[in-house]
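Note sheet for the following structure.
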Amino acid sequence: MSDPYIFRPITFRSVTARNRIMVSPMCQYSATDGVPNDWHFQHLAARAVGGAGIVFAEMTNVEPRGRISAGCLGLWNDEQRDAFARIARFLKAQGAVAGIQLAHAGRKASTARPWEGGKPIPPEKGGWLAIAPSPIPFGEGYPVLVEMDEKTIAGTVAQFAAATRRAREAGFDVIELHGAHGYLISSFLSPITNRRNDRYGGSFENRIRFLLEVVDAVRSEWPEELPLFVRISCTDWMEKSWDIEASVKLAQVLKAGGKVDLIDCSSGGVDPRQKVNVYPGYQVPFAAAIRSRAGIATGAIGLINGPELAEQIVANGQADLIIMARGMLNDPYWPLHAAKTLKATIPWPVQYERGNIF
Ligand SMILES: Cc1cc2nc3c(=O)[nH]c(=O)nc-3n(C[C@H](O)[C@H](O)[C@H](O)COP(=O)(O)O)c2cc1C
């Protein structure tokens, strides 16, 4: 049998991942003042040891009010950068590509940690005022929002550039922009959450402008030889809203711009009334459509937990990367175990070789 597809290396610009398996960014809600600590170190380190090709640090916010919760990570100061540097160094020493997802939570900021209920926290109860393209609260119980003026938009774009510089200084190999799930970039894209009348709202071209400005700002600080990924919600799962056609069109624009290397194809999170039919690989058709119609590399995410399903997706040309979140929480050594199932030979860490017995 030839090498399974998911264990074949893949190169983006100057960066080669040892296989096609990527650990999805996953918020741990465990930071103080946005600084990564031992919890983040072990979470990411274990998955690099487990054999993943690319390991992504969670949604890391470009300013304090861009955090979902007080426990979320940030990259707006040098203390955060230096703590990330230790993590990036270790991931790379284990043979993984070190990634960081840069983000701003926008209208979904200032909430309690999930295990503390996840509810919005208004400023008077210790939270903070959130910003958004239009002052439309995410759902019931969410506080009022500040509508971003052009100065705030320009300032936020500059914060993405500053965080990018620190990501480079920390030694990361790849950045992903979080343009999905109803957070700030996503809320500019969707007509449900963007009701602006200026050049950032209305037409498709206007709604994608903020993302394009962020991409340009990131690229101004991110070396040409390093890759940039963008995660989007390929559909809002709502009538007359952002959908796969808009996503393909956006991917075509990003491909033509030559600054983005991969679209990470997620969905939803924009409106709590969304109706999603979830099953293994349910978002794979989005990755396949964007890959074939925009001619850009894609990552497939969403209930891809079986090695055979992962293998089929890459072998069929539906996606270039398999991205996993919950399956990786369940088993940080998923790649080592999947290799057994698919009869691939991949090296175990030498220190753990005696555990390679099943
Ligand atoms: C604990 C947890 C934290 C998450 N944090 C993030 C995040 O920081 N950024 C992001 O884009 N998605 C985040 N997600 C969504 C996942 O990346 C992924 O898109 C989703 O869980 C579906 O993939 P899965 O079926 O492999 O879990 C998170 C998911 C989980 C379970």
Side-chain angles (χ1 to χ4, degrees), residues 6 20-31 34 36 39-40 42-44 46-47 50 52 54-62 66-69 71-75 84 87 99-106 108-109 111-116 118 163 167 174-187 189 211 228-237 262-270 274 276-287 298-307 309-310 313 319 321-332 334-335 338:
I6 56 169
R20 311 295 183 99
I21 304 162
M22 171 176 143
V23 176
S24 199
M26 277 182 279
C27 293
Q28 300 295 293
Y29 309 99
S30 299
W39 179 263
H40 304 93
Q42 74 74 30
H43 166 66
L44 298 164
R47 283 149 189 90
I54 307 177
V55 178
F56 256 91
E58 71 195 60
M59 173 169 180
T60 297
N61 303 291
V62 300
R67 291 170 300 165
I68 300 175
S69 77
C72 290
L73 286 178
L75 197 45
F84 270 119
I87 293 174
I100 184 163
Q101 188 186 49
L102 296 184
H104 190 299
K108 292 171 86 173
T111 65
R113 293 167 180 84
W115 52 85
E116 289 163 352
V174 50
I175 284 178
E176 176 169 279
L177 286 175
H178 197 340
H181 304 163
Y183 298 112
L184 188 62
I185 294 174
S186 163
S187 66
L189 299 178
L211 169 59
L228 174 62
F229 296 175
V230 175
R231 169 170 283 198
I232 59 170
S233 283
C234 294
T235 174
D236 291 342
W237 299 112
L262 176 134
I263 308 294
D264 173 345
C265 299
S266 190
S267 71
V270 172
Q274 67 184 24
V276 193
N277 182 17
V278 176
Y279 54 89
Y282 70 106
Q283 295 174 140
V284 173
F286 302 138
T298 59
I301 171 90
L303 279 182
I304 307 172
N305 296 327
L309 175 59
I313 292 165
L321 292 180
I322 296 300
I323 309 177
M324 294 178 59
R326 288 164 294 179
M328 283 286 179
L329 292 185
N330 178 271
D331 180 9
W334 190 92

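Counting convention: from 1, in listed order, for ligands and their atoms alike. These numbers come from a predicted model, not from an experiment.
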Close N or O approach (Asn305, ligand 1; < 3.5 Å): no

Backbone of Glu58 reached by a side-chain donor or acceptor of Thr60 within 3.5 Å: yes

Atom 9 (N) of ligand 1: the protein heavy-atom neighbour that sits closest, reported with distance to 0.1 Å: Gln101 OE1, 2.8 Å

Side chain to side chain, Leu303 and Gln283, heavy atoms closer than 4.5 Å: no

Parallel, tilted or perpendicular: ring planes of Phe229 versus Phe56, cut at 30 and 60 degrees: tilted

Atom 12 (N) of ligand 1: the protein heavy-atom neighbour that sits closest, reported with distance to 0.1 Å: Arg231 NH1, 3.1 Å

Protein residue, atom and distance nearest to atom 29 (C) of ligand 1, heavy-atom basis: Met26 CG, 4.1 Å

Ser233 side-chain N/O to Gly268 backbone N/O, donor-acceptor pair under 3.5 Å: yes

Glu176 N/O to ligand 1 N/O under 3.5 Å: no

Polar atom proximity, Leu303 to ligand 1 (N or O, under 3.5 Å): yes

Any side-chain heavy-atom pair of His43 and Ser30 under 4.5 Å: no

Backbone of Gly269 reached by a side-chain donor or acceptor of Asp236 within 3.5 Å: no

Heavy atom of Gly302, distance to ligand 1 below 4.0 Å: yes

Closest approach of any protein heavy atom to atom 27 (O) of ligand 1, naming residue and atom: Arg326 NE, 2.6 Å

Nitrogen or oxygen of Cys27 less than 3.5 angstrom from that of ligand 1: yes

Pairwise side-chain contact, Arg67 with Cys27, heavy-atom cut-off 4.5 Å (strictly under): no

Partners meeting salt bridge (Lys or Arg N to Asp or Glu O under 4.0 Å) with Arg113 (sequence neighbours left out): Glu116

Side chain to side chain, His181 and Met59, heavy atoms closer than 4.5 Å: no

Nearest neighbour in protein (non-hydrogen) for atom 17 (O) of ligand 1: Ser24 OG, 2.7 Å

Nitrogen or oxygen of Ile323 less than 3.5 angstrom from that of ligand 1: no

Top protein contact for atom 14 (N) of ligand 1, by heavy-atom distance: Pro25 O, 3.8 Å

Residue part near ligand 1, for Ala325, under 4.0 Å between non-hydrogen atoms: both

Gln28 touching ligand 1 at heavy-atom level, < 4.0 angstrom: no

